[in-house]
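Just so it is clear: chains get the letters A, B, ... in the order the sequence lines come, proteins before strands, and each one is counted from 1.
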Amino acid sequence: MTGTGDAQKAFYITSPIYYVSGQPHIGTAYTTIACDVLARYQRLRGRDVVFATGTDEHGQKVVRGAADAGMSPQDFVDGLVADYKRAWERLHVEYSRFIRTTEPEHTRLVQRVFARLVASGDIYKAEYTGWYCIPCETYLLEQDLDDGNCPECGRPTEQVSQEAYFFRTSKYADALLHHIEEHEDFIGPDSRRNEVIAFIKSGLRDSCVSRTRSDWDIPVPDDESQSVYVWFDALLNYLTVAGYGDDEDRFERIWPADVQLMGKDILPRFHATIWPAMLMALGLPLPRTLFGHGWWSDADGQKMSKSKGNFIDPFETVQRLVEYSGTRTAFAVDALRYYVLREVPFGLDGSFSMRGLLSRFNADLANDLGNLLNRSLPLLQRYVDGIVPEAGPASGALAEDIARTVAGMETQLERLNYRDALIALWQLIARCNKFVDEREPWLLHKQGKRVELDAVLYDVVDCIRAVAILVSPFMPEVGEEVWDQLGLKHAGTRMSWADARAGALAPGTHINRGVPIFPRIDIDGVLAEQPEAAEEQQAATAKANAISFKQFQAVELVTGKVVEAERVPEADKLLVLRVDVGEAQPRQIVAGLAEHFNPRQLLGRTVIVVANLEPATIRGIESNGMILAAGEKQPLALITTDGEVEPGHKVR
RNA sequence: GGCGGGGUAGCUCAGAUGGUCAGAGCGCGCGGUUCAUACCCGCGUCGUCGGGGGUUCAAAUCCCUCCCCCGCUACCA
């Protein structure tokens, strides 16, 4: 994954380009931070690193978003791009290229690739007959439809019949499967890899890669009726960055990508299938590793979603950390970086909690790392005037521990095991703390054992120096600060991974003791002061989701009486009901109630019916309405009336 | 329902091919110490390794079965 030896080849790592429909949040930050850590690590090792992130700016959602905001699409995306760039800067993300799909360079490449694949026959024009979801810009097959509606957004779809361009994804299915099976590291983690294999084996369809022409999207070459589909456009950003078809030397140096990180949602369908198929069609080598990391849920394990309003805002989190601890913002940002990569194995889902963050802050950062620095430097000040002593023959006691840590971290980072890399590093920090206790430099000083004292002090500070280097990919500002406090910044010494070894510290260096980096937090205290935080958020959510009275009025609720009920054959959850709602004929309604109610239980019951819901066909059975039932995910109890009410009464 | 991944101490998690595998860190309790941000060090507590059956001299680790959770998918108007 990191490659070996070949000094010519750059280490190329990418984040996805983010769709500019909203602000950066903890999910996008997570991906980007993970990329940044790897990029910094490789830079420290002396690799030529290309780390690209950016924004995906085409598509009708952007046009609509701009219209909603009363802006031109260009002004709209420019504003969001500025937000993204600022966010990454604040999170200490040092990318080498920020790519926007609206750049002329990218547009040209997309058109070139499109034309080339048309010429080679890998993209073909065909009559498309099927359904289309306008808001999602997605073509759907009959089997994809959710009772006639879009499976993504739930809105009605339109039947369309038109010409469109298709990419022969199916042609590459076998080759792709073979590649995945031959290359263990191509897709990670293993659980995703299995999913992808199953997905491909289930049969790949050719991908529709064009849409009806829009002014905002990239035009299909030589066809005024079509624009390039935004996903096809977006994936190619990775090649634009590499200079494909534009700068051969650059491309040779950069491609293929070493690591492409992303959230697990966009791995199987896009990055692990269409994307490599496109590369195969272009005759290009595939990236070494595609990795889909897990999601963050909130402290209660609930998925983050707009409707719940429980999105974690990284900057608000950092702000709270600053308030609680009194640490500097830069260190709080690093603490957040540390937390997200330390708390959960990359690849698995995790839950994000303030308490968890504060707990890590105290236990790992304040107690272990911060305190190691803050106890060691005063020893040097007190006993050797703040000047790093000669190591002497008795030194080097921690050399093996350091070497083992470096080797361990390299192995883990190779596998994208950020968590285990950090665990390995913290074992070294613990070892160093313990070393101070064992050697009792204060005693050595009292006893006048100067040689031993010098050796101990040297080893400790030398080890901290290594820790500063090893921690800096994860916590760059903290690494810098430790470096500064050790006097190495002033001495003009640059960090390098190779110097993370015992004995590299120059005697005579003047240390530069600072204030504690991570002041301890009274966790129970600060959290007790903010009990209303969760409630506030809930209230805010409720407000954000509020509908007008008029909107409510649009829903026609009526009482009804179940006159017939039976199971839908071969369906576990569905019942087909006939409900008298005071109309000439009972309504036929299909309801997902079969798991909790048997048909007989429902007969004669008074229910509440959404009467003006548009008809839908479920399992081939027409449904004209909806029965209300309580239950978050599954219907647990029927909504019924207090007393006997005739069918057909309005429910207000 | 199908496919995939999981269920191991209060919490977060380690534990290829069966035999120091009953663990680590955090938390908690006790004791010690004091260079340090009440820190550090030592000791300790807690688990029927999801339930039940089986194979074996021996199973968290293999087999069967059941329960629960997550992801994808299908039928939740």
Side-chain angles (χ1 to χ4, degrees), chain A residues 143-144 146-149 151 154 189-199 201-202 264-265 268-269 292 294-295 297 301 303 325-327 342-345 347-351 353 355-356 359-360 362-383 419-420 423 426-427 430 433-434 436-445 456-457 460 515-523 568-575 589-596 609-610 612-629 631 633-635:
Chain A
Q143 69 216 47
D144 295 333
D146 197 2
D147 310 323
N149 293 327
D190 286 348
S191 54
R192 293 296 133 207
R193 186 167 179 265
N194 293 340
E195 208 172 294
V196 168
I197 290 172
F199 179 63
K201 282 185 175 166
S202 76
K264 62 183 184 180
D265 57 329
R269 276 156 199 282
W295 289 133
S297 58
K303 227 191 231 178
S325 69
T327 191
R342 168 61 241 261
E343 188 71 0
V344 169
L348 296 186
D349 293 347
S351 57
S353 76
R355 183 173 285 277
S359 169
R360 287 270 166 230
N362 271 357
D364 299 351
L365 301 181
N367 290 356
D368 294 349
L369 176 56
N371 192 235
L372 174 62
L373 186 70
N374 200 53
R375 69 190 298 205
S376 303
L377 297 187
L379 294 176
L380 264 81
Q381 268 184 333
R382 214 166 299 147
Y383 305 140
R419 182 174 184 269
D420 289 338
I423 288 172
W426 252 257
Q427 280 168 353
N433 261 321
K434 196 167 185 173
V436 175
D437 283 304
E438 286 169 357
R439 298 300 171 100
E440 300 181 289
W442 45 93
L443 258 186
L444 296 173
H445 176 256
V456 169
L457 294 180
V460 169
V515 293
I517 305 176
F518 301 115
R520 270 183 70 83
I521 299 167
D522 170 12
I523 296 179
V568 175
E570 289 168 52
D572 307 316
K573 299 180 183 178
L574 298 184
L575 293 179
I589 296 176
V590 178
L593 297 170
E595 286 187 318
H596 288 81
V609 176
V610 180
N612 62 338
L613 201 61
E614 60 182 4
T617 304
I618 303 156
R619 278 252 146 175
I621 302 169
E622 192 176 311
S623 180
N624 297 299
M626 175 175 171
I627 308 285
L628 297 190
K633 282 181 174 171
Q634 303 191 335

#### Entry: Nearest-Å distance once atom C1' is located in both B/G27 and B/G47
16 Å
### Query
Checking side chain to side chain contact (heavy atoms under 4.5 Å, CB included) for the pair A/Asn374/A/Phe518: CA distance, chi angles, key distance, verdict?
CA-CA 10 Å; A/Asn374 200 53; A/Phe518 301 115; over 6 Å; no
### Task
Using a 4.0 Å heavy-atom cut-off across all strands, classify A/Val590 as base, sugar-phosphate, or nothing.
sugar-phosphate
### Task
Determine the interatomic distance between P on B/A9 and the same-named atom on B/G15; round to the nearest Å.
15 Å
### Summary
To the nearest angstrom, the CZ-C1' distance between A/Arg192 and B/G6 comes to 12 Å
### Query
Taking atom CD1 of A/Ile517 and atom OG1 of A/Thr327, what is their separation to the nearest 0.5 Å?
8.0 Å
### Query
Who pairs with A/Asn371 by side-chain hydrogen bond (donor to acceptor under 3.5 Å, both in side chains), at least two apart in sequence or on another chain?
none
## Note on the structure
Hits for side-chain contact (heavy atoms from CB on, under 4.5 Å) against A/Arg382, two or more places apart or cross-chain, chain-then-number order -> A/Pro378, A/Leu379
## Note on the structure
By salt bridge (charged side-chain N to carboxylate O under 4.0 Å, His left out), A/Asp437 pairs with (sequence neighbours left out) A/Arg375
### Task
With P as the reference atom in both, quote the distance from B/G52 to B/C21 in angstrom, rounded to an integer.
24 Å
### Message
Just the rounded figure in Å: distance from P of B/U73 to NZ of A/Lys201.
### Response
19 Å
### Task
Could you pull out all residues at least two apart from A/Arg342 that satisfy side-chain hydrogen bond (donor to acceptor under 3.5 Å, both in side chains)?
none
### Query
How many angstroms lie between CG in A/Leu457 and CD in A/Gln381, if you round to the nearest 0.5 Å?
12.0 Å
#### Entry: side-chain contact (heavy atoms from CB on, under 4.5 Å) partners for A/Asp420, two or more places apart
A/Gln412, A/Asn417, A/Ile423
### Task
Rounded to the nearest angstrom, tell me the gap between atom CG in A/Leu628 and atom P in B/A77.
11 Å
### Query
What is the distance from CD of A/Glu195 to C1' of B/G5, rounded to the nearest Å?
9 Å
### Query
What interatomic distance, in whole Å, is found between C1' of B/C41 and the corresponding atom of B/A59?
38 Å
### Message
For a quick check of understanding: with a heavy-atom distance under 4.0 Å over all strands, which category does A/Arg355 fall into, base, sugar-phosphate or nothing?
### Response
nothing
### Summary
Each nucleotide of nucleotides 30-40 of chain B classed B (base within 4.0 Å of a protein heavy atom), S (only sugar-phosphate) or -, in 5' to 3' order, makes -----BBB-SS
### Query
Quick one: salt bridge (charged side-chain N to carboxylate O under 4.0 Å, His left out) partners of A/Arg439, sequence neighbours excluded?
none
### Task
Output all residues satisfying side-chain contact (heavy atoms from CB on, under 4.5 Å) with A/Val515, sequence neighbours left out; order by chain, then residue number.
none
### Query
Between B/G27 atom C1' and A/Ile521 atom CD1, what is the distance in whole Å?
16 Å
### Summary
By side-chain contact (heavy atoms from CB on, under 4.5 Å), A/Ile523 pairs with (sequence neighbours left out) A/Arg355, A/Leu358, A/Ser359, A/Asn362, A/Ile521, A/Leu527
#### Entry: B/A24 to B/C64 separation - P atoms, rounded to the nearest Å
33 Å
### Task
Determine the Euclidean distance between corresponding P atoms of B/U45 and B/G6; express it in Å to zero decimal places.
31 Å
### Message
What's the separation between atom CD in A/Glu195 and atom CZ in A/Arg269, rounded to the nearest 0.5 Å?
### Response
9.0 Å
### Task
Determine the stems involving RNA chain B; a stem requires 3 or more consecutive pairs of the Watson-Crick or G-U wobble kind, each with both distances below 3.5 Å, and the answer is none if no such run exists.
B:1-7 with B:67-73, B:10-13 with B:23-26, B:28-32 with B:40-44, B:50-54 with B:62-66
### Rounded distance (Å) that lies between atom P of B/G4 and atom CZ of A/Arg193
15 Å
Could you write out each protein N or O paired with an N or O of nucleotides 10-15 of chain B at a distance under 3.5 Å?
{"from": "B/U12", "atom 1": "O2'", "to": "A/Glu343", "atom 2": "O", "distance (Å)": "3.3"}
{"from": "B/C13", "atom 1": "O2'", "to": "A/Arg419", "atom 2": "NH1", "distance (Å)": "3.2"}
{"from": "B/C13", "atom 1": "O2'", "to": "A/Arg419", "atom 2": "NH2", "distance (Å)": "3.3"}

### Query
What interatomic distance, in whole Å, is found between P of B/C66 and the corresponding atom of B/G25?
39 Å
#### Entry: Rounded distance in Å between the P positions of B/C3 and B/U65
12 Å
